[in-house]
Amino acid sequence: MGTTSTKPPEITVHRSLLKGLKIFDAERFRWLDEAAALGPLATLKLGPAKLHIVTDAEVAKNMLINNGAAWRRPPAAVIPIRIPIGENLFTQSDKAWNLFQPEVAPHFRKRAMESRLSEMDSIINDEVAALPYGTAIDLELAMGRLALMLAAWVLLGERLPRDRAEEIAFHQREMIGWVGKRMGQLRSVVPLAPSAKAMRAHAQVIKTYADEVIEKAKKRADPNGEHDVLDAMIHARPGGRPLSHDELRGHVLGMFLAGNETTAAALSWALAHGAQNPHEWNSVATNQSALTNAFIDETMRLSPAVWGFPRTPYKKATLVVGDIAATVRYGTVVTVYTRGINRRTDLWNDPLTFDPARQLTRTKEQERSMIPFGLGPRGCIGQHMAIAEMQAILPRLAQHGRIEIAQQIVEDPSFATRVQGGLKGTFVPR
Ligand code: HEM
């Protein structure tokens with residue numbers, strides 16, 4: 001006996017593709033939220049093109065783990081990244097990544113990073129102590145600088161001075177802003193726009209830094225010594241040959257892009273929630289790991305640094321939730337909308353309220369629904385590092401003081417979720 005399935009509910013954004021894309025891009029979260037409100041699988045129509053929105057963690061798991069080999073990152077998500085920094089871990093094809101991943105992934109594991117991670121505290125202490133009191137500072141840039149200094153230390157074995165880190169973090173933020181605006185847009189395939197020139201100048205600053213660290217690492221590389229991620233990349237032989245300088249540089253920049261922007265965004269959102277929830281922020285200052293972790297989890301639930309991740313099938317595929325089934329044609333994009341999953345009213349009581357305590361009593365279903373680092377073979381390779389960094393940084397920031405933020409906080413769905421217009425705030429001593 002066959003079962004009948006129905007098509008997912010649809011919303012027409014516009015009857016023309018170009019206008020539809022423009023309208024969608026102007027208010028991505030509004031359209032994604034409208035689709036999410038229709039159910040776990042819904043479709044946005046932009047002219048003849050469809051964008052499927054998944055807000056069900058089990059469907060996401062099926063796609064990304066069980067059927068991981070059937071899906072890839074769509075060109076519109078990788079081309080805007082390839083333009084400024086070249087091929088890297090994030091943009092590499094699944095085939096190339098399968099060759100490279102076994103050589104580098106072990107070096108991203110917690111145990112491999114342990115000694116570097118344990119030495120992070122002195123960098124964190126110095127940097128947090130240097131944050132001034134009583135004047136509004138660019139918190140997003142400060143978090144970007146800190147994330148960069150820690151990434152340089154843990155991944156590349158480099159102690160990056162504060163002023164250099166600030167300079168690179170600034171250019172990185174500008175470059176990623178350019179990337180974020182173009183991800184998913186048709187314009188992403190037009191690299192000659194005037195703004196691309198400015199973006200290339202920003203990228204050049206980071207490239208120069210990457211060249212320096214690669215040269216240094218090559219000189220010090222001891223084939224039998226302790227390997228960090230950069231050493232592992234230098235010694236890797238994917239497909240039997242070493243990486244060229246350009247390939248190595250692309251990977252260093254790719255790690256910065258995938259790692260720093262996201263970590264800086266996650267820390268910025270933690271500060272924003274800390275400012276609005278002083279009682280919870282005080283609890284982080286006590287440095288009890290359960291309370292810090294609850295604060296981190298709740299930040300990543302309500303304000304996930306990565307708001308969603310897109311996939312497209314290698315060939316026609318089907319997505320099924322209950323009696324709803326979507327046929328996904330070649331070239332069509334499916335977005336796993338984590339921000340939407342995390343705000344489901346059937347999963348979380350009063351989901352728009354920031355309440356770390358709920359994380360201490362969450363159910364298995366709630367726990368399983370939280371996928372801030374993605375899943376499967378192309379999920380986040382740096383998640384242990386990101387969590388270790390946040391666990392070390394947040395109590396120090398909370399001990400440094402209360403935070404006052406005067407601006408209205410609006411989400412900006414860029415490459416990572418940023419605060420629109422940047423996040424400015426003032427530390428006030430306890
Ligand atoms: C709070 C911080 C972070 C968040 C929320 C985050 C989130 C994610 C997510 C959701 C993905 C998967 C995207 C997809 O499936 O298309 C991803 C991939 C990736 N992340 Fe992270 N990430 C964070 C920090 C880091 C750090 C510190 C690194 C260090 C290098 C890193 C490196 C990467 C790389 C290289 C990929 C691509 C892996 C691949 O293509 O196989 N991330 N991240």
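Both ligands and their constituent atoms are indexed starting at 1 by order of listing. All values below come from the heavy atoms of this structure, side chains included, with hydrogens, waters and symmetry mates left out. Model, not experiment: these values are computed from the prediction.
Only the backbone of P377 comes within 4.0 Å of ligand 1, counting heavy atoms alone; no side-chain atom from C-beta on gets that close. Contacts of R311 with ligand 1, taken as heavy-atom pairs under 4.0 Å, involve the side chain alone. In F309, the part holding a heavy atom less than 4.0 Å from any atom of ligand 1 is the side chain.
Within the 4.0 Å heavy-atom shell around ligand 1 one does not find M300. In this structure, P372 has a heavy atom closer than 4.0 Å to ligand 1. At least one heavy atom of F108 sits under 4.0 Å from some atom of ligand 1. The shell of residues lying under 4.0 angstrom from ligand 1, judged by heavy atoms, excludes P304.
H251 and F100 have parallel rings, their planes meeting at less than 30° on a 0 to 90° scale where 60° marks the start of perpendicular. A parallel orientation is assigned to the rings of H273 and F354, their planes being inclined by less than 30° (bins at 30° and 60°).
Summary of contacts: the protein heavy atom closest to atom 32 (C) of ligand 1 is A258 CB, 3.7 Å. Regarding atom 37 (C) of ligand 1, its nearest protein heavy-atom neighbour is F90 CD1, 3.6 Å. Closest to atom 13 (C) of ligand 1 among all protein heavy atoms lies R73 NH2, 3.7 Å. From the protein, the heavy atom lying nearest to atom 20 (N) of ligand 1 is C380 SG, 3.3 Å. Scanning the protein heavy atoms around atom 23 (C) of ligand 1, the nearest turns out to be T262 OG1, 3.2 Å. Protein heavy atom closest to atom 11 (C) of ligand 1, with residue, atom name and distance, is F373 O, 3.8 Å. Atom 28 (C) of ligand 1 has its closest protein heavy atom at G259 CA, 3.4 Å. For atom 12 (C) of ligand 1, the closest heavy atom belonging to the protein is R378 O, 3.6 Å.
For ligand 1, the atoms lying closer than 4.0 Å to a non-hydrogen atom of A266 are 1 (C). Of all atoms in ligand 1, numbered sequentially from 1 with element shown, those under 4.0 Å from a heavy atom of T263 are 2 (C), 24 (C), 27 (C).
A salt bridge is defined here as a Lys NZ or Arg NE, NH1 or NH2 lying under 4.0 Å from an Asp or Glu carboxylate O, and D350 with R358 fails to meet this definition. A salt bridge links E298 to R301: one of the charged nitrogens lies within less than 4.0 Å of a carboxylate oxygen. Between E212 and R164 a salt bridge is recorded (basic side-chain N to carboxylate O distance below 4.0 Å). Using a 4.0 Å cut-off between charged side-chain N and carboxylate O, D126 and R162 make no salt bridge.
By the 3.5 Å distance cut-off applied to N or O atoms, Q383 is not counted among the residues near ligand 1. Here's the thing with W97: one of its N/O atoms is less than 3.5 angstrom from an N/O atom of ligand 1.
Considering NZ of K110 and CE of M385, their distance stands at 14.0 Å, rounded to 0.5 Å. For the atom pair CE (M120) and CH2 (W153), the distance works out to 11.5 Å, reported to the nearest 0.5 Å.
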(request) Start with the C-alpha distance between Q288 and T286, add both sets of side-chain angles, then the distance that settles side-chain hydrogen bond (donor to acceptor under 3.5 Å, both in side chains), and finish with yes or no. (result) CA-CA 6 Å; Q288 296 170 59; T286 64; 3.1 Å; yes
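Side chains of N62 and N66: a donor on one and an acceptor on the other come within 3.5 Å.
Taking the side chain to side chain donor-acceptor pair (under 3.5 Å) definition, one finds that R344 meets it with D346, sequence neighbours left out.
Among L156, L89, D228, I214, the single residue meeting the side-chain contact (heavy atoms from CB on, under 4.5 Å) criterion with M233 is L89.
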